[in-house]
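Right, one structure below, let's go through it.
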2 protein chains.
Amino acid sequence: MKSKLLLATLALTIAGTASAQLKTSDAIKFRQSGYTFMAWNMGKLKGMLIDNPASFNKEQAIAAANVIAATANSGMGALYVPGSDKGKGWETTRAKAALFTDKEGVGKVAVAFNKEANELAKVAATGDAAALKVQFGKVGESCKACHEKFREEEHNHEH
Amino acid sequence: MKSKLLLATLALTIAGTASAQLKTSDAIKFRQSGYTFMAWNMGKLKGMLIDNPASFNKEQAIAAANVIAATANSGMGALYVPGSDKGKGWETTRAKAALFTDKEGVGKVAVAFNKEANELAKVAATGDAAALKVQFGKVGESCKACHEKFREEEHNHEH
């Protein structure tokens, strides 16, 4: 576990260097885009695994899971550039200050999400809807674990 | 080619059915997120293939190419719900009306982008930076072909 955390931290650092010239507003916009696009794909999986299992479609499940895994593997840590704990991308960031200071806590949720997202793509490829539903739940838990610790509540209540 | 276009159209139709309940503003937000997140990953590839070849990193190239391929395969056609030729997601949509009427033209650019994006992931996996640079150019051309035909110029000039 320790070495995994170190590896994840190293990956974030390297990616961070490559993107050092990113504007704060662009970095926030890119990360909000990544999470929002994952949300669409999680929504599609929820639709076919929970809301309406009769609509399960293996190819669409694989496609959605692949987006989530590829996004998880894309080095989004590089988008948490110094100073981007405050600021506006598409909207004002909801990142908590702790996301920029609690390296060990962030490493843990990042490694957990990465693991579950990659497993999601693997399980989707088997076409086993029941197993995918279980793994979908695990991914959702790993999203939630990070949100609860490192994301502010919504600024306004549209829903 | 004809059958490929038909298949692409069919895929869009099926995916469209599954997402029929999407709100117009959410559909626009999701597609803007997908394109913006791809733009970040295209930017990373440009950085390591063109701007600063010394920074080429195989793992990061694969990660970026996988995001682009997974996004291309995700059935974004479903996000062009009826009525979403006008409206606001993160910002006002720049989709031209023709994107909702010129089915054959849209099919052509969609199939071309899909092909080049999947090839990008394949070439990235080989670790051949020179070949990847060529394929990166082809993906960029396929993006541009769609933008020129189906996307309005920027509404405001921030840059």
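Quick note: numbers below take in every heavy atom, side chains included, and nothing from hydrogens, waters or symmetry partners.
- For residues 63-72 of chain B, a heavy-atom distance under 4.5 Å to chain A picks out Ala63(B), Asn66(B), Val67(B), Ala70(B), Thr71(B), given by residue number.
- Between the CZ atom in Arg31(A) and the CG atom in Asp26(A) there is a gap of 11.5 Å [rounded to 0.5 Å].
- The main-chain N or O of Lys88(A) is never found under 3.5 Å from a side-chain atom of Thr92(A) such that the two would form a donor-acceptor pair.
- Of the possible donor and acceptor atoms, none in the side chain of Asp102(A) sits under 3.5 Å from a partner among the backbone N and O of Ala98(A).
- Sequence neighbours left out, the pairs with a member in residues 51-77 of chain B that pass salt bridge (Lys or Arg N to Asp or Glu O under 4.0 Å) are Lys46(B)-Asp51(B).
- Residue contact with chain A, scored on non-hydrogen atoms closer than 4.5 Å, involves the side chain of Asn41(B) exclusively.
- The aromatic rings of Trp90(A) and Trp90(B) lie parallel to each other, their planes meeting at an angle below 30°, with 60° marking the opposite boundary.
- For Phe37(B), the ring pair (Phe, Tyr, Trp, His ring centres under 6.0 Å) criterion is met by Trp40(B), not counting sequence neighbours.
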Distance-only check: which donor-acceptor pairs under 3.5 Å involve side-chain atoms of residues 129-151 of chain A, not counting sequence neighbours?
{"from": "Gln135(A)", "atom 1": "NE2", "to": "Glu116(A)", "atom 2": "O", "distance (Å)": "3.0"}
{"from": "Gln135(A)", "atom 1": "NE2", "to": "Glu116(A)", "atom 2": "OE1", "distance (Å)": "2.8"}
{"from": "Ser142(A)", "atom 1": "OG", "to": "Val139(A)", "atom 2": "O", "distance (Å)": "2.8"}

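- Between chain A and the residues Leu79(B), Ile62(B), Asn52(B), the most heavy-atom pairs under 4.5 angstrom are made by Leu79(B).
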